[in-house]
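Step one of this worksheet: look at the structure below.
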Amino acid sequence: MRVAFLGASRGMGRALARRMAERGDRLFLLGRDLADLARSAADLEVLCGSPVETAACDLLQPESFAPALASAERALGGLDAVVVTAGLFGTQEQLEADAELRARVLVADFTNTVLFCELARERLLAGGGGTLCVFSSVAGERGRKPVVLYGAAKAGLSRYLEGLDHRFHERGLRVVCVKPGFVRTGMTAGLPAPPFAGEPDAVAATVLA
């Protein structure tokens, strides 16, 4: 499978990318930190035995989306899937106290993720179809005091992905919305972990099952 992967260099994304490489998928990594991407690419090349290329793509810079996806499609000779695990997070207290952070999280996790997915959807459908796999969050399942703002962004993203699947499924687009719950990653470091907290590799195995 030929996969453009946004967010493969950290946490949950890294675990999923490693599993995909191990099963033989061809990956093209997208992200904002090119040095970090290069390290991840080198790691994945050992697992899959083939070159893994990269391109800059930042959820806060929508002008980077189209060139990044074009580079991935060109390098892989087409796209079978696009995976999005990238996103921003802030606690409710942080988001209430910092207007700039609040705007960045809301824009990155909803508006710009949707814009990226629209471009990915167009490319996948132009190639006959494929899979769009996007990580949302159970924080968006209902309104909760600890995650009012983050949860609102993820709720919007989840509903968008649901509608996208209904609209384009018959044309060959398979939309997968992953809501894994609390996973022990760098993003959740310092937060109290619930009894059901998951580990990245275990979640990745479930996603690919």
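Checked by atom type and distance alone, the side chain of E45 pairs as donor or acceptor with a backbone atom of V52 at under 3.5 Å. Not one N or O on the side chain of E53 forms a donor-acceptor pair closer than 3.5 Å with the backbone of A72. With hydrogens and angles ignored, the 3.5 Å screen pairs no side-chain donor or acceptor of D25 with any backbone N or O of L27. Formation of a donor-acceptor pair under 3.5 Å by the R2 side chain with backbone atoms of G77 is found in this model. No donor-acceptor pair under 3.5 Å is formed between the side chain of D80 and the backbone N or O of M1. R171 places no side-chain N or O within donor-acceptor distance of the main-chain N or O of L125, the cut-off being under 3.5 Å. In this structure a side-chain-to-backbone donor-acceptor pair under 3.5 Å is missing from S136 to L157. Under a 3.5 Å cut-off, the side chain of T85 and the backbone N or O of M12 do not form any donor-acceptor pair. One N or O on the side chain of R14 and one on the backbone of S9 form a donor-acceptor pair closer than 3.5 Å. Looking only at distances, a side-chain donor or acceptor of Q94 sits under 3.5 Å from a matching main-chain atom of T91.
F28 contributes atom CZ, which lies 6.0 Å from atom OG1 of T54 (distance to the nearest 0.5 angstrom). We find the CG-SG distance between L132 and C117 to be 4.5 Å, quoted to the nearest 0.5 Å. One distance of note links CZ of F65 with CG of L30; it measures 10.5 Å at 0.5 Å rounding. One distance of note links NZ of K154 with CG of L161; it measures 9.5 Å at 0.5 Å rounding. Rounding to the nearest 0.5 angstrom, the gap separating the CZ atom in F5 from the SG atom in C133 is 7.5 Å. Rounding to the nearest 0.5 angstrom, the gap separating the CG atom in L44 from the OG atom in S50 is 9.5 Å.
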Item to complete: Kindly determine whether L124 and R121 satisfy side-chain contact (heavy atoms from CB on, under 4.5 Å), including the steps that lead there.
Response: CA-CA 5 Å; L124 289 168; R121 180 263 301 171; 5.9 Å; no
Discussion item. As a quick check of understanding, evaluate side-chain contact (heavy atoms from CB on, under 4.5 Å) for H169 and V175, giving each step before the final call.
Written reply: CA-CA 8 Å; H169 188 81; V175 180; over 6 Å; no
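Linking ILVMFWY residues whenever their side-chain heavy atoms come closer than 4.5 Å, directly or via other members, leaves L115 and L106 in distinct clusters. A continuous path of ILVMFWY side-chain contacts below 4.5 Å connects L59 to L69, so both sit in one hydrophobic cluster. The cluster map of Ile, Leu, Val, Met, Phe, Trp and Tyr, joined by side-chain heavy atoms under 4.5 Å apart, puts L6 and L88 in different clusters.
Summarising the local packing, CZ of R142 is surrounded by 12 or fewer heavy atoms from other residues, nucleotides or ligands at distances under 6.0 Å. Atom CZ of R102 has more than 12 neighbouring heavy atoms from other residues, nucleotides or ligands inside a 6.0 Å radius. Remark: E100 CD is loosely packed, at most 12 non-hydrogen atoms of other residues, nucleotides or ligands lying under 6.0 Å away.
Ion pairing of R19 with E22 is absent here, as no side-chain N (NZ or NE/NH1/NH2) approaches a carboxylate O to less than 4.0 Å.
For the pair V83/L16, a side-chain contact is recorded, criterion being any heavy-atom separation below 4.5 Å from C-beta on.
Between V176 and T131, the shortest heavy-atom distance links the atoms CG2-CG2, 4.1 Å. Listed here is the closest heavy atom pair of L37 and A55: CD1-O, 3.6 Å.
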